[in-house]
Undergrad: 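What follows is a structure written as structure tokens; I'll ask about it next.
Every chain is numbered from 1, with letters handed out A, B, ... down the list of sequences.
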Amino acid sequence: MSESGHRAEGIDVHDRLPSHTTASPNVATVPAPDDHLARFDVSDLDLIADPYPVLNEIREAMPIFWNDTTNQWVLTRFDDISTSLRDRRMGRAYSHRFTDAEFGRPAPDPRWASFHAHERWSLLALEPPDHTRLRRLVQKVFTPRAVALLADDIQAVSDRLLDECAERSTFDLLGDYAQPFSVEVICSMLGIPVADARSLLDWSHSIVKMYELDADDATKQAADRAAGEFIAFTQDLIAHKRQHPDDLLVSELARVEDEGDTLTEPEIVSTTMVLLEAGHEATVNTLGNGFRALMHHPDEWRRLTAGEVDAKAAVEELLRFDSPLQLFERWVLDDGVEIAGQQIDVGQEIAMLFGSAQRDPRRFVEPDRFDIGRNDPSHIGFGGGIHFCIGAPLARLELATSIANIVARFPTLTLAAEPRYHPTFVIRGLEELMLTA
Amino acid sequence: MKVTVDFDVCASTGACMQVCPEVFEVRSDGYLYVLQEEPGEELHDKVNEAADMCPTAAISVE
């Protein structure tokens, strides 16, 4: 049975929830802009090729709408999304407080047991107190100051890979640079042999496709198989670290005692895996989407090569302009949530359109203009609230290092071919980005 | 010691509150409140650590 079938059946249990009276969303209060909704088809390759005209239209027509296909309230505007990200009445998970039946949601599909196991203790799928406990152990490695100490190492990795790119007249910024770069950096922080990077990339690419709204069974099966292999790899890694400890993160997670309790192996596995996945997917896609924009805006590229704008400032516009994460969800866990005048009941899910928020004219002057000199770090590219990207300082350093290095080495860089986006809406990234030095 | 927060970049992660709840509180409205702008000496180490832990470097200590 499909997930949407499960979800639709479950609505009648809503009235068992505490202080909860409305059984189904009050759709009548929202205008029914069918023409806009019809164009918000996340499987539509035209939408994926350039979602912004449709997102602009939807955002200007309505701050919030009900998506019957996914059973989600969809948020379109910056302020509502920024506030919702911080709102503790909503969370990334509900299983710490409610059963699947209470939320009218299917139990995890046993066919994808490995995927669910890999995610079970992920920071992205936990709420306090477990989230607080695990995040505290990890975050000290990712603070701005801790990350700054890695600057020389990160520079060296970037230099070596760009040396290799320079030997070819034309190179793929993603496959030849961004992927090996970000994987090597995160592996070196975690203490994972770089020789394993290729497998990690393959597993990660398969697994993250599970987060698409329209993932089919073949995609889910591939994600589940990858998750199973990734789990086995991580279990072996932890066993190895217990025998041969070092002072890097995986070893520390395997050793640490938190208020007397050691972490369980599933906790260490999920934590390691989410850091590996998050540690490169978004960075790679930000570089790809960002350099596509830079190549399409030669005047902005010249501001970099002329030294008018520094790489650190440009990073913020790359993060804003073409978001590598287009949609992010939260569950409503407590009563009283009202967004843009719409009451949202406990048990319902909101989906925040980051790409729309980042182009909201209420928040950004001329939002569709790619302007690398904005230097506005208060966008929502890293989310907000307790789930704010733990790796944001690392991502900012990796991106700034990469931009500065590429600008210095290849000032006449141009597109060798017009790139194509992966056919996925939620995680937005290019298949490859062929550039001529 | 004087504590200042750049509220434009504060993302309400609550990392500061985990370290030093005497000075930093992210309330149920989702926003950070500085409870003591000039905390006593006994809190200085914790305030410095809280500033250090902030992933957006929003907290400055003078």
Undergrad: Going by heavy atoms in the side chains, are B:P55 and A:F388 under 4.5 Å from each other?
TA: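 Yes; the side chains approach each other to less than 4.5 Å.
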Undergrad: Flag the one option from B:G30, B:G14, B:A11, B:C10 with the top tally of heavy-atom pairs under 4.5 Å to chain A.
TA: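 Counting heavy-atom pairs under 4.5 Å, the top option is B:A11.
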Undergrad: With rounding to the nearest 0.5 Å, note down the distance linking CE in B:M53 to CZ in A:R135.
TA: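 So the gap between those two atoms works out to 9.5 Å.
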Undergrad: Does CZ in A:R145 sit with more than 12 non-hydrogen atoms of other residues, nucleotides or ligands closer than 6.0 Å?
TA: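 For A:R145, atom CZ is not crowded (no more than 12 foreign heavy atoms under 6.0 Å).
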Undergrad: Between atom NZ of A:K140 and atom CD of B:E49, what is the distance when rounded to the nearest 0.5 Å?
TA: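 With rounding to 0.5 Å, NZ (A:K140) is 9.5 Å from CD (B:E49).
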Undergrad: Roughly how far, to the nearest 0.5 Å, is OG1 of B:T13 from NE2 of A:H387?
TA: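 OG1 of B:T13 is found 11.5 Å from NE2 of A:H387.
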Undergrad: Which of the residues A:L85, A:I380, A:I390, A:T132 is involved in the greatest number of heavy-atom pairs with chain B at under 4.5 angstrom?
TA: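 Result: the option with the highest number of such pairs is A:T132.
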Undergrad: Which one, A:G384, A:P144, A:A392, leads in non-hydrogen pairs under 4.5 Å with chain B?
TA: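 Among A:G384, A:P144, A:A392, the one with the most close pairs to chain B is A:P144.
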Undergrad: Is atom CG of B:D45 surrounded by more than 12 heavy atoms (other residues, nucleotides or ligands) closer than 6.0 Å?
TA: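 No, not enclosed.
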Undergrad: What closest approach, in Å, do B:V9 and A:P377 show between heavy atoms, and which atom pair accounts for it?
TA: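 So the two residues come closest at CG1-CG, 3.5 Å.
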Undergrad: For chain B, which of A:H379, A:R396, A:R88, A:Q139 has the most heavy-atom pairs under 4.5 Å?
TA: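 Greatest number of close heavy-atom pairs with chain B: A:Q139.
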Undergrad: Is it the case that over 12 heavy atoms from other parts of the model lie below 6.0 angstrom from the CD atom of B:E41?
TA: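 Result for CD/B:E41: open.
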Undergrad: Check whether any side-chain heavy atom of B:T56 lies under 4.5 Å from a side-chain heavy atom of A:F382, and answer yes or no.
TA: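 SC-SC contact between B:T56 and A:F382 ruled out.
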Undergrad: Could you grab the distance from atom OH of B:Y31 to atom CG of A:D87, nearest 0.5 Å is fine?
TA: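 Result: 9.5 Å between the selected atoms.
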Undergrad: Hey, is CD on B:E37 packed in by over 12 heavy atoms from elsewhere, all under 6.0 Å?
TA: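 12 or below, so no.
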